[in-house]
There are 2 protein chains.
Amino acid sequence: MSSAAAASLEKPASTSVWTRIRTADIRDVPNIRRLIWQMAEFELLTNLFSATEESLSATLFPSHAPPPFLSFTVLILELSPAPFPQSDGEGDSPAFAPIVRKLDLEAPVEDPEAKDFASPQGGEAVVAGFVLCFPSYSSLLAKPGLYIEDIFVRAAWRRRGLGRMLLSAVAGQAARMGMGRVEWCVLDWNMNAIKFYEEMGAEVLPAPRIGRLSGPAMQAYDHGNKEDAAKKD
Amino acid sequence: MSSAAAASLEKPASTSVWTRIRTADIRDVPNIRRLIWQMAEFELLTNLFSATEESLSATLFPSHAPPPFLSFTVLILELSPAPFPQSDGEGDSPAFAPIVRKLDLEAPVEDPEAKDFASPQGGEAVVAGFVLCFPSYSSLLAKPGLYIEDIFVRAAWRRRGLGRMLLSAVAGQAARMGMGRVEWCVLDWNMNAIKFYEEMGAEVLPAPRIGRLSGPAMQAYDHGNKEDAAKKD
């Protein structure tokens with residue numbers, strides 16, 4: 001390609017954004033809750049939604065939390081029209097250095113929710129998505145892995161490679177930590193997601209089924225280890 | 001029922017065993033490895049088996065391990081023809097008191113593997129099964145749960161309620177810890193397992209699919225956070 005042709009393909013500066021993936025801290029809880037709500041809407045599961053800012057803070061950011069990726073871990077994806085300032089250091093984890101990139105867009109993106117999702121770290125940055133993962137274990141491999149419970153990008157910002165960035169961040173971290181694998185569930189009807197994961201090099205395995213005990217059926221096992229509690233219902 | 005009728009239903013003492021579920025410690029590693037091998041055989045996955053005693057010890061019983069149920073946790077099921085002695089205390093966890101029961105059997109059980117699976121805690125006890133679980137997280141509930149990676153009873157001891165005891169121990173613990181749910185995968189073809197779980201009060205949900213990155217496809221994400229690494233293969 002001639003340099004003239006290459007130049008004609010360059011995007012104007014106004015269609016670039018900077019992306020940053022960093023570990024979440026407790027200041028991110030209001031945004032995390034709104035993102036989980038949107039995800040519940042997408043998956044038609046709002047009937048199960050009961051997360052509050054208090055319960056998210058207590059369970060995701062307890063005092064004396066283990067380092068990231070050794071327990072429940074949230075990574076936040078932020079976008080900024082200007083380069084990110086040096087981090088204020090307050091939420092930075094020595095186990096995960098923020099991943100910053102410049103992203104060229106084909107056209108400016110209209111984000112009607114930008115104000116609702118302002119970054120708590122200031123500047124003009126907005127939170128565009130998140131991933132929630134935690135350590136899993138493969139006994140066959142005798143190795144830990146990472147299980148991705150949630151991966152979500154807000155509607156305005158989809159189809160621009162941001163989901164790929166989030167999954168890559170987790171996969172890269174698992175590889176660096178010497179883990180055996182990264183796994184997640186894919187809704188069977190979500191062909192876009194299946195295609196996306198396969199393009200990223202993942203296997204999408206045929207379905208096991210999920211067993212689940214919750215609510216009263218689980219509580220029934222609490223008293224004196226009644227292993228036959230369920231039979232009595 | 002008259003007391004005479006009740007007496008006639010009592011089993012002779014020789015067909016009773018004592019069962020104990022306790023947290024595993026590093027002395028259990030050789031038995032754990034053999035149990036995982038048998039499970040791999042049952043699931044036709046021996047091609048993936050690469051667990052060694054060293055790798056199991058390092059990943060399941062690291063120095064400074066968190067308390068049970070806050071990280072990877074193995075519970076061991078033991079059987080003994082005589083009541084269990086008081087624990088030697090060495091492997092006991094304050095977070096999980098051993099669950100001891102007397103189990104009446106319809107007939108004595110022939111266990112050809114008894115010698116291979118002697119309990120490291122001595123006596124005449126044998127290890128009959130195990131469960132491996134770790135904390136999971138539901139963002140909709142903003143609550144931790146427990147995910148059961150493995151639940152296994154050796155062939156000689158199946159169909160006697162022991163799997164039920166193991167699952168009950170995990171479900172009871174999750175309930176006591178205020179967790180939201182217990183989940184596990186069920187192989188689609190294993191109708192015995194599906195029936196067993198449903199009888200215990202669990203839902204067996206329709207299949208999501210499992211996405212998995214492992215091996216070279218995962219390692220490809222390690223270098224400089226190449227989110228497009230998979231494309232280059």
Side-chain angles (χ1 to χ4, degrees), chain A residues 36 40 45 48-52 55-56 59 72 99 132 134-137 139-144 149-150 164-165 168-169 171-172 174-176 180-188 197 200-214 217-222 225 227 230 233, chain B residues 36 40 45 48-52 55-56 59 72 99 132 134-137 139-144 149-150 164-165 168-169 171-172 174-176 180-188 197 200-214 217-222 225 227 230 233:
Chain A
I36 294 170
L45 291 173
L48 294 179
F49 182 88
S50 58
T52 64
S55 61
L56 288 166
T59 52
F72 314 134
I99 301 170
L132 191 158
F134 52 78
S136 63
Y137 190 81
S139 48
L140 294 180
L141 305 177
K143 278 190 178 182
E149 176 70 20
D150 303 318
R164 171 180 287 270
M165 280 187 201
S168 300
R176 278 189 296 280
R181 63 193 187 192
V182 177
E183 288 190 327
W184 59 94
C185 279
V186 188
L187 295 174
D188 210 19
Y197 293 133
M200 287 195 66
E203 303 167 83
V204 180
L205 305 170
R209 297 177 68 179
I210 301 293
R212 175 185 292 171
L213 271 170
S214 59
M218 183 183 82
Q219 300 299 330
Y221 289 94
D222 185 11
N225 304 301
E227 69 270 14
D233 286 345
Chain B
I36 294 171
L45 291 174
L48 294 179
F49 181 88
S50 58
T52 64
S55 61
L56 289 167
T59 53
F72 314 133
I99 301 170
L132 190 157
F134 51 78
S136 63
Y137 189 81
S139 47
L140 294 179
L141 305 177
K143 277 190 179 182
E149 177 69 20
D150 303 318
R164 172 181 287 272
M165 280 188 200
S168 300
R176 278 189 296 280
R181 63 192 186 193
V182 176
E183 289 190 327
W184 59 92
C185 280
V186 188
L187 294 175
D188 210 20
Y197 294 132
M200 288 196 67
E203 305 166 84
V204 180
L205 305 171
R209 297 177 67 182
I210 301 292
R212 175 185 291 169
L213 271 169
S214 60
M218 183 183 82
Q219 300 299 331
Y221 289 93
D222 184 11
N225 305 300
E227 71 270 14
D233 287 344

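Computed from heavy atoms alone, side chains included, the values below leave out hydrogens, waters and symmetry copies. Per chain, numbering begins at 1; letters A, B, ... match sequence-line order.
In this structure, the portions of B/L141 lying under 4.5 Å from any heavy atom of chain A include both its backbone and its side chain. B/E149 touches chain A through its side chain: at least one heavy atom from C-beta onward sits under 4.5 Å away, while N, CA, C and O do not. Residue contact with chain A, scored on non-hydrogen atoms closer than 4.5 Å, involves the backbone and the side chain of B/F49 alike.
For B/S55, the side chain to side chain contact (heavy atoms under 4.5 Å, CB included) test picks out A/A142, B/T52, with sequence neighbours left out.
In summary, the aromatic rings of B/F72 and A/Y137 are positioned with their centroids under 6.0 Å apart.
Closest of all the heavy-atom pairs between A/K143 and B/T59 is CA-CG2, 4.4 Å. Summarising the geometry of A/A175 relative to B/Q219, their closest heavy-atom pair is CB-OE1, 3.8 Å, with the distance given to 0.1 Å. Closest heavy-atom contact between B/M218 and A/A171: CG-O, 3.9 Å.
For the atom pair B/L132 CG and A/S139 OG, the distance stands at 6.0 Å (nearest 0.5 Å).
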